[in-house]
Number of protein chains: 2
Amino acid sequence: MQIDKIDRAWRGAERCKHCAIRHLVLFSDLTHEDFDRIHQPIDDMEFEPGQRLYYQGENISSVYTIRAGLIKLVQHLPNGDRRIVRLLSQGDLAGLESLNGQVADHDAVCLDLVQVCRLPVSLIQRLQKETPNLHQGLINRWQKALSGADNWITRLSTGKARQRVARLLLLLDQASTDDFFFLPTREDMGAMLGITTESTSKATAEFRRLGLLKKLGQNRAWIDAEALQQQFC
Amino acid sequence: MQIDKIDRAWRGAERCKHCAIRHLVLFSDLTHEDFDRIHQPIDDMEFEPGQRLYYQGENISSVYTIRAGLIKLVQHLPNGDRRIVRLLSQGDLAGLESLNGQVADHDAVCLDLVQVCRLPVSLIQRLQKETPNLHQGLINRWQKALSGADNWITRLSTGKARQRVARLLLLLDQASTDDFFFLPTREDMGAMLGITTESTSKATAEFRRLGLLKKLGQNRAWIDAEALQQQFC
DNA sequence: CGCGCAATTGAGTTATATCAAATACGGTGG
DNA sequence: CCACCGTATTTGATATAACTCAATTGCGCG
């Protein structure tokens with residue numbers, strides 16, 4: 001597997017100040033003086049599809065703020081079962097549990113080309129002591145993750161298989177900025193919904209026959225959100 | 001339904017300082033000086049089983065720290081489906097979403113006799129500005145809620161019905177301090193696991209026939225955790 | 001062009017939901 | 001204290017949905 005690229009040009013916070021998506025990331029509320037408190041390099045990293053930011057059980061010492069791409073959080077059970085418990089995209093944080101000194105709760109696996117900034121826990125903790133401006137950002141992201149998890153339970157782990165698939169497609173569609181959205185493999189969709197690959201495939205195939213779902217390329221798709229919502233939710 | 005009792009004797013933080021379970025609640029890390037920053041009354045409240053702390057969609061302006069009892073968080077979908085997404089007990093916080101100015105994500109319903117302290121959001125926010133000692137407590141509780149939600153997905157919403165019931169019983173057992181634990185109604189257990197009341201009943205009945213589960217009183221039960229774990233997880 | 005993996009499809013099996021009935025249980029009032 | 005009522009639970013029969021297994025098709029990539 002190819003090693004992830006690290007662009008170490010981001011020394012200190014010089015480029016953070018001018019980050020194109022600063023309004024979306026954790027540092028959005030920092031002031032100019034706050035940025036001057038960042039004395040250590042922040043690594044800008046890129047990962048290929050399939051690469052992992054970290055593994056479940058790994059002792060991680062950084063939080064990752066996601067600049068681009070899509071990441072799945074996979075949780076394994078002792079008996080071999082596994083479940084995808086969340087998807088992360090632009091503006092989200094991966095590895096939040098490191099702020100409590102816990103080991104990683106999940107594998108963080110890239111679904112497509114992913115760009116992140118790696119923020120050492122020590123930096124976050126120091127900033128927290130020196131400025132209150134990080135707080136609300138952390139709180140917001142924690143809350144977003146939590147309400148995402150709740151929705152995952154209520155919408156994606158409840159009801160019949162077709163219904164769950166429909167809800168997942170709607171969720172992926174809403175999260176997308178353009179008309180199309182990232183369509184995971186049937187296996188991954190199954191792991192998100194707690195159903196088998198075959199059941200997922202049967203549902204998407206049916207939607208496609210009804211003209212409610214169209215595939216474009218291999219990982220992109222379009223849905224008729226209105227119709228899907230009405231007929232299957 | 002009986003009105004909840006509010007013991008308004010807790011003026012300011014006088015009694016907070018001497019709270020018997022202070023080491024378990026949000027204010028555990030506050031210093032003596034910090035307590036002096038609390039200038040408003042903190043209500044000590046008691047709720048009967050079945051009463052709600054708040055409703056999904058309600059605009060809440062307080063967080064509740066749980067001193068005793070068990071609370072279920074119930075989330076409703078537009079189509080009428082509903083799911084219990086979490087259980088809260090001593091030391092947990094209910095209504096965290098109010099800190100982001102959001103309306104309540106769930107109904108918070110008491111399962112047994114519940115005692116809470118009501119902490120106004122304005123108080124939390126002021127304390128956050130004035131002292132850093134609240135932070136870690138908030139972070140810890142948010143993280144606990146999040147990892148609880150993840151487990152709910154992976155352990156309680158995955159696999160066959162009997163397996164889920166077994167995992168739920170083990171979880172309830174572990175959370176308990178004594179040999180026995182609170183056994184929810186079959187209906188509630190079903191709503192936690194995403195299965196029907198009847199399926200839940202068939203599973204518990206089977207465990208009981210095998211001598212792995214014994215009921216005591218109506219809401220209390222005992223399990224042979226070892227055997228249950230080995231045979232059904 | 002063909003190889004390999006992913007996706008689709010179908011047939012048969014199993015698990016769960018559904019519906020209905022019977023039983024147990026707690027709480028109330030006589 | 002006991003009888004009764006309403007609710008929760010258990011149980012069984014049947015229908016339905018999902019899983020499992022196997023075979024086929026489709027598709028991207030070398």
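Lettering of chains follows the sequences in order, A, B, ..., and the numbering in each one begins at 1.
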Give a yes or no on whether the backbone of Glu48(B) and the side-chain of Gln51(B) come within a donor-acceptor separation of less than 3.5 Å. yes
Hey, is the main chain of Ile195(B) close enough, under 3.5 Å, to the side chain of Ser199(B) for a donor-acceptor pair? no
Separation of [N] [atom2] from [X] [atom1] (nearest whole Å):
X: Asp81(B); N: dA17(C); atom1: CG; atom2: P; result: 12 Å
X: Ile195(B); N: dT9(D); atom1: CD1; atom2: C1'; result: 15 Å
X: Glu198(B); N: dT14(D); atom1: CD; atom2: C1'; result: 13 Å
X: Arg164(B); N: dA15(C); atom1: CZ; atom2: C1'; result: 12 Å
X: Leu216(A); N: dG28(D); atom1: CG; atom2: C1'; result: 16 Å
X: Arg186(B); N: dT7(D); atom1: CZ; atom2: P; result: 18 Å
X: Asp188(B); N: dT7(D); atom1: CG; atom2: P; result: 17 Å
X: Gln163(A); N: dA17(C); atom1: CD; atom2: C1'; result: 14 Å

Side-chain donor-acceptor pair under 3.5 Å between [X] and [Y], yes or no?
X: Thr154(B); Y: Gln75(A); result: yes
X: Ser176(A); Y: Asp178(A); result: yes
X: Gln143(B); Y: Glu97(A); result: no
X: Arg83(B); Y: Ser157(A); result: no

May I ask you to verify whether the side chain of Gln218(B) and the base of dC25(C) hold a donor-acceptor pair under 3.5 Å? no
Minimum heavy-atom distance between Arg164(B) and Leu193(B), given as atom pair plus value: NH1-O, 2.6 Å
Indicate whether OP1 or OP2 belonging to dG28(D) is found under 4.0 Å from a side-chain N or O atom of Lys215(A). no
Has Thr196(A) got a side-chain N or O lying under 4.0 Å from the OP1 or OP2 atom of dC19(D)? yes
Residues within residues 153-162 of chain A bordering DNA chain D, heavy-atom distance below 4.0 Å: Lys160(A), Ala161(A)
Do [X] and [Y] make a side-chain contact, defined as non-hydrogen atoms from C-beta onward lying under 4.5 Å apart?
X: Ile84(B); Y: Asp188(B); value: yes
X: Ile66(B); Y: Val25(B); value: no
X: Leu212(A); Y: Phe232(A); value: yes

Give a yes or no on whether Arg162(B) atom CZ has more than 12 heavy-atom contacts from other residues, nucleotides or ligands under 6.0 Å away. no
Estimated bend of the helix from dC1(C)-dG30(D) to dG30(C)-dC1(D) (axis per five terminal pairs, rounded to 10 degrees): 40°
Give me the residues of residues 199-209 of chain B where at least one heavy atom lies under 4.0 Å from an atom of DNA chain C, by number, or none. Ser199(B), Lys202(B)
